[in-house]
Amino acid sequence: MAKLTKLDDIVSLCKRRGFIFQSSEIYGGLASCYDYGPLGVELKNNVKKAWWKSVVQMRDDVVGLDCSILMHPMVWKSSGHADKFADLIAECKKCNTRTRVDHLKDKEDNNIENASGQDLTNKVCPSCGTIGQFTEPMPFKLMFETQMGANIDDSMTIHLRPETAQGIFANFRNVLDSTRVKVPFGIAQIGKSFRNEVTTKAFIFRTREFEQAELEFFCEPGTDDQWYEHWKEARCKWYTDLGMKKENLRFRDHDPDELAHYAKGCVDVEYKFPFGSGDWQELEGIANRTDYDLRQHQRGMRTLNKWYENDRDLSKISLIDESEDYNKGPLSYFDEQKKERYIPYVIEPSAGMDRSTLAFLVDAYDEEEVRGETRNLLRFHPALAPTKVAIFPLVKKDGMPEIARKIYDNLKKYFNCFYDQKGAVGRRYRRQDEAGTPFCVTVDGQTNEDNTVTVRNRDSMEQTRINADNVLSYMREKLDM
RNA sequence: GCGGGCGUAGCUCAGUGGUAGAGCGUCACGUUGCCAACGUGAAUGUCGUGAGUUCGAAUCUCAUCGCCCGCUCCA
């Protein structure tokens, strides 16, 4: 079975069928930015809907949220992004390799402790081994900056969020106070995030503007391991339930040295993308973030005045130490049954919606030989298919278009449908195959006699006759919608 | 940011200094009674962009933008 083997094939398919276009293409494109076309926006919306249904709608213990992208600067001080997203990078003058200054190691035989981290004279280039031949360290701003306020004198530099998670932590108290939730419970959100990645990569796989679906699941310390396992399983099942092939999915546990300093554990759900090297690439990360974030925000809340006093300059301040009774702080939770307060632990499944959309697209792609011709099709799960049903008159006469149109007008109230009366019906079928439409309904000569129509299945190409009045109920059952 | 490759119609590509091309797709008309049928016709090009060399540039040179592969980076 010939499949998409190169990224170029995927890009070409995406453009040809209107899934994904390069942003600002008429102006030569803007690096790392992509637009979703008519089929793409339906597909991606369906992926997001499926996530929301699984993570929020179908659960009694998760509520939703939609935070603003712009947040108070202190959010990023507390989260650590303001400091860590401003790394210094130095370039080796010899081989032009850029390395983060804090990753540079001292020359080994130099026993003298080098007090200054900024002194690069004894640092070794990890690429070519040259010592001390670096450019001045240059700051990398990994967060997007923007100005809030039209009046330049009064405007404030703020950041576009680099992750949706912090908006959830910042609203932890609000949700607790307004929704009667009890630990264990989760808060879910889907939304755009922005990161000035040093290198973008592979089509929409790593872009600077991207969409995340994140869940912060709050649980009692001590139960975190079991919830971690629970979400690992639940999230993996989500992909396979939506038709993604098991052999293209795997878990990869992070090595201890790869873990963020606050994380107790982290596992990636990876998909075997057909990129050049055929590498496994991350779709989603599931992390045990412990009580780090809520505790950090408690410190941040206590630091607010210091920020005002220091000209609202994040670089001039550091977070105030944690209070001894932090467990009873403003972001703590009171357990009614145990009559005790604690800071909940957090399990965070964080999925990339653009990556998932691409993976579902690639995974659904298929080519098969039918009567010496190649049939291209996208075997989307019905929940993900951009169009659910296409309705055709077999030919454009004998009242068939009118009947087909009537069926279409009724069905489109319930799901995305497509009407087409042009050209040979075989071509229309194949066209829908390429868009991944699960069913085609065709009105033919017999419809006038006994009010039946044919339903053609995308995957098997088989046809069934059903009564025209039952099309809606038939589709609802088959599509499970 | 480094190294390599690439950029011509919606897509795949041919065209290496002398009139801008093919296949597929798209559209129209006719035909067509179930799987990319057939006939006729049509539309679609800043040859990525900008400069330069030249009588003349898709073609040569430089710059720039974008994409792919490999480094580097990925809190």
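None of these values were measured; they are calculated from a predicted model. So that the names make sense, note that chain A is the first sequence line, chain B the second, and so on, each numbered from 1.
Taking atom P on both B:G50 and B:U59, the two are 12 Å apart, rounded to the nearest angstrom. Using atom P as the reference point in both B:A20 and B:G48, the two lie 15 Å apart (nearest Å). Spacing of C1' atoms, B:G23 relative to B:A14, comes out at 11 Å, to the nearest Å. On the P atoms, B:U72 is 43 Å away from B:U53, given to the nearest whole Å. Taking atom P in both B:G15 and B:U8, the straight-line distance is 14 Å, to the nearest Å. Distance check on atom C1': B:C11 versus B:C71 gives 32 Å, rounded to whole Å. Spacing of C1' atoms, B:C6 relative to B:A58, comes out at 15 Å, to the nearest Å. Using atom C1' as the reference point in both B:U46 and B:U64, the two lie 16 Å apart (nearest Å).
Within the 3.5 Å criterion, the main-chain N or O of A:Thr164 finds a donor-acceptor partner in the side chain of A:Glu214. Here the side chain of A:Arg250 pairs no donor or acceptor atom with the backbone of A:Glu270 at under 3.5 angstrom.
Residue contacts shown for A:Ala424 include a base, since a base heavy atom lies under 4.0 Å away. Using a 4.0 Å heavy-atom distance criterion, A:Ser32 is classed as a sugar-phosphate-only contact. In this structure, A:Asp433 reaches neither bases nor backbone, as no heavy-atom distance under 4.0 Å exists between it and the strands shown. When heavy atoms are screened at a 4.0 angstrom cut-off, A:Tyr262 is found touching no nucleic acid atom at all.
Computed from coordinates, the A:Ile26 CD1 to B:G45 C1' distance equals 16 Å when rounded to whole Å. Atom CD1 in A:Ile20 sits about 12 Å away from atom P in B:C68, given to the nearest Å. The NZ-P distance, from A:Lys396 to B:C27, rounds to 11 Å in whole Å. The CD-P distance, from A:Gln281 to B:C68, rounds to 13 Å in whole Å. One interatomic measurement links the two molecules: CG of A:Asp8 to P of B:C11, which rounds to 13 Å at whole-angstrom precision. Counting to the nearest Å, the C1' atom of B:A28 and the CD atom of A:Gln421 are 14 Å from each other. Taking atom CZ on A:Phe392 and atom C1' on B:A36, their separation rounds to 13 Å, with Å as the unit. In this structure, the CZ atom of A:Arg427 is 11 Å from the C1' atom of B:C38, given to the nearest Å.
In this structure, a donor-acceptor pair under 3.5 Å is absent between the side chains of A:Tyr365 and A:Asp9. Side-chain contact of A:Gln166 with A:His81: a donor-acceptor pair under 3.5 Å is absent, judged by distance alone. Checked by atom type, the side-chain pair A:Thr374/A:Glu367 shows no donor-acceptor distance below 3.5 Å.
Contact check on A:Glu434 versus A:Arg375 returns no salt bridge, with no Lys/Arg side-chain nitrogen under 4.0 Å from an Asp/Glu carboxylate oxygen.
The partner of B:U26 is B:A42, by the rule that a Watson-Crick or G-U pair needs both atom distances under 3.5 Å. Under the Watson-Crick and G-U wobble criteria, each requiring two contacts below 3.5 Å, nucleotide B:G3 is paired to B:C69.
Nearest nucleotide to the A:Leu7 side chain, out of B:C67, B:C68, B:C34: B:C68. Across B:C35, B:G66, B:C11, the shortest atom-to-atom separation from the side chain of A:Met461 is found for B:C35. Out of B:A28, B:A36, B:C68, the shortest distance to the side chain of A:Lys422 is found at B:A28. Ranking B:C34, B:A37, B:C67 by closeness to the A:Thr442 side chain, first place goes to B:C34. When distances run from any side-chain atom of A:Arg430 to the nucleotides B:A36, B:C34, B:C67, the shortest one goes to B:A36.
If you check distances only, the side chain of A:Arg456 does reach the base of B:C35 with a donor-acceptor pair under 3.5 Å. For a distance-only test at 3.5 Å, the side chain of A:Tyr27 fails to qualify as a donor-acceptor partner of the base of B:C65. Taking 3.5 Å as the limit, the base of B:C74 and the side chain of A:Arg206 contain a donor-acceptor pair of atoms between them.
Along RNA chain B, the nucleotide closest to A:Glu25 and the one closest to A:Thr454 are compared, and the more 5′ of them pairs with A:Glu25. Between A:Asp444 and A:Arg431, the residue anchored closer to the 5' end of RNA chain B is A:Arg431, taking for each the nucleotide with the nearest heavy atom.
For A:Met71 against A:Gly167, the heavy-atom pair with the smallest separation is CE-CA, 3.5 Å.
Between A:Gln463 and B:C35 there is no side-chain N or O to OP1 or OP2 distance below 4.0 Å. Using a 4.0 Å cut-off, some side-chain N or O of A:Ser12 falls inside it from OP1 or OP2 of B:U12.
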